[in-house]
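Taking it in order: structure first as structure tokens, then the write-up.
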Amino acid sequence: ADSGDAELELSAVRHQPEGLEQLLAQTKFTKKELQSLYRGFKNECPSGLVDEETFKLIYSQFFPQGDASTYAHFLFDAFDADRNGSLCFQDFAVGLSILLRGTVHQKLKWAFNLYDINKDGYITKEEMLEIMKSIYDMMGRYTHPALRDSVPAEHVELFFQKMDRNGDGMVTFEEFLETCQKVSSSREGLRHHRHPP
């Protein structure tokens, strides 16, 4: 009866009338997984919607040693697919499905969207630096050895040179994809090189 209740409730949620069937089609989760995710979601957010402040609060618990609020802001934006300023269960489940079970292409598309802060279809060096700084803030000052303040900018400079193929100061999804796939295939190559057929 319990799982029947969850299914009924999931289908009847005010913010998400399409319910379970549509989420089964949109995600790579099973019915049971969706039901248990939904219970956890409702536990944390009885209203069925998460605003940015609540999201930051929940997220910062995972990184008590640093300041996660800026990174959580960017993450919230990436999950908020319909850009309406709050996450419903559907936003959460679809994003999580991509991160946990998506293809490499889907995961990279999601990551690109995270870095593309103003969502104009390009990543600029400034956007990449903003994200990089927010990651360092989140990891806190307890990294060993202690990092110089210039480290994020140096990392970005290096990444950006690799990615910005045509040197126009902007990285398109194609450039992003190509660079990430090159990196992963060169790692593959190294692995095979050690064990010749």
Side-chain angles (χ1 to χ4, degrees), residues 26-28 50-53 55-56 59-60 62-63 66-88 90-141 143-194:
Q26 278 181 310
T27 66
K28 295 194 173 153
V50 184
D51 62 14
E52 191 175 328
E53 284 318 301
F55 186 82
K56 281 181 181 173
Y59 201 76
S60 64
F62 297 106
F63 297 94
D67 175 8
S69 60
T70 311
Y71 185 72
H73 162 73
F74 295 135
L75 205 55
F76 181 88
D77 272 1
F79 269 104
D80 183 16
D82 50 11
R83 321 267 303 132
N84 66 356
S86 60
L87 303 182
C88 63
Q90 187 177 345
D91 294 327
F92 174 69
V94 169
L96 206 58
S97 172
I98 291 169
L99 290 174
L100 297 177
R101 311 242 165 110
T103 62
V104 171
H105 191 279
Q106 287 170 326
K107 285 177 182 170
L108 288 175
K109 188 83 184 149
W110 201 92
F112 181 86
N113 179 51
L114 173 72
Y115 277 91
D116 178 14
I117 294 171
N118 66 359
K119 313 297 177 218
D120 65 352
Y122 301 96
I123 300 173
T124 62
K125 202 182 283 186
E126 290 70 32
E127 285 176 320
M128 199 176 256
L129 186 57
E130 291 245 345
I131 300 277
M132 205 51 103
K133 277 181 175 161
S134 75
I135 291 171
Y136 279 99
D137 287 345
M138 177 174 68
M139 300 321 280
R141 289 278 165 239
T143 42
H144 295 289
L147 293 164
R148 302 184 317 283
D149 285 342
S150 58
V151 168
E154 288 163 16
H155 271 173
V156 167
E157 200 57 53
L158 218 64
F159 284 144
F160 214 83
Q161 275 172 7
K162 274 189 188 150
M163 286 191 187
D164 185 11
R165 291 273 192 267
N166 59 0
D168 66 353
M170 294 188 292
V171 171
T172 62
F173 178 61
E174 284 64 35
E175 289 174 317
F176 184 77
L177 189 65
E178 207 182 314
T179 311
C180 296
Q181 284 175 336
K182 262 208 170 98
V183 169
S184 77
S185 67
S186 69
R187 281 191 191 138
E188 276 297 306
L190 276 173
R191 262 213 298 272
H192 293 310
H193 193 64
R194 275 189 240 123

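The first residue in the sequence is number 1, and the count goes up from there. A quick note: this is a predicted structure, and the numbers were derived from the prediction, not measured.
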Nearest non-hydrogen partners of F63 and A68, listed with the distance: CB-CB, 4.3 Å

Over all atoms of both residues, closest heavy-atom pair of M128 and F160: SD-CD1, 3.9 Å

ring-ring contact (aromatic ring centres under 6.0 Å, His included) partners of [X], counting only residues at least two apart:
X    : answer
F92  : F41
F112 : F173, F176
F159 : none

Mutual orientation of the aromatic rings belonging to F62 and Y59 [parallel < 30°, tilted 30-60°, perpendicular > 60°]: perpendicular

Donor-acceptor pair, side chain of S60 and main chain of K56, under 3.5 angstrom: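 Indeed, once roles are kept as given, a pair shorter than 3.5 Å links the two residues.
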
For [X], what residues pass the side chain to side chain contact (heavy atoms under 4.5 Å, CB included) criterion, not counting sequence neighbours?
X    : answer
L99  : F79, W110
N113 : A78, K119
E127 : D116, I117, N118, I123, T124
Q161 : E157

Whether over 12 other heavy atoms sit under 6.0 Å from H155 NE2: no

Exceeds 12 heavy-atom contacts within 6.0 angstrom, atom OH of Y122: no

Which pairs pass salt bridge (charged side-chain N to carboxylate O under 4.0 Å, His left out) with one or both residues in [range], sequence neighbours excluded?
range            : result
residues 69-83   : none
residues 98-109  : E33-R101
residues 161-180 : R165-E178, E178-K182

With S134 via side-chain hydrogen bond (donor to acceptor under 3.5 Å, both in side chains) - residues at least two apart: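 With neighbours one apart ignored, the set is empty.
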
side-chain hydrogen bond (donor to acceptor under 3.5 Å, both in side chains) partners for H105, two or more places apart: none

Working for side chain to side chain contact (heavy atoms under 4.5 Å, CB included), residues V156 and K125: CA-CA 7 Å; V156 167; K125 202 182 283 186; 3.7 Å; yes

Working for side chain to side chain contact (heavy atoms under 4.5 Å, CB included), residues F74 and I135: CA-CA 10 Å; F74 295 135; I135 291 171; over 6 Å; no

L129 side chain reached by P152 side chain, heavy atoms, under 4.5 Å: yes

Side chain to side chain contact (heavy atoms under 4.5 Å, CB included) evaluation trace for T103 with K28: CA-CA 11 Å; T103 62; K28 295 194 173 153; 4.1 Å; yes

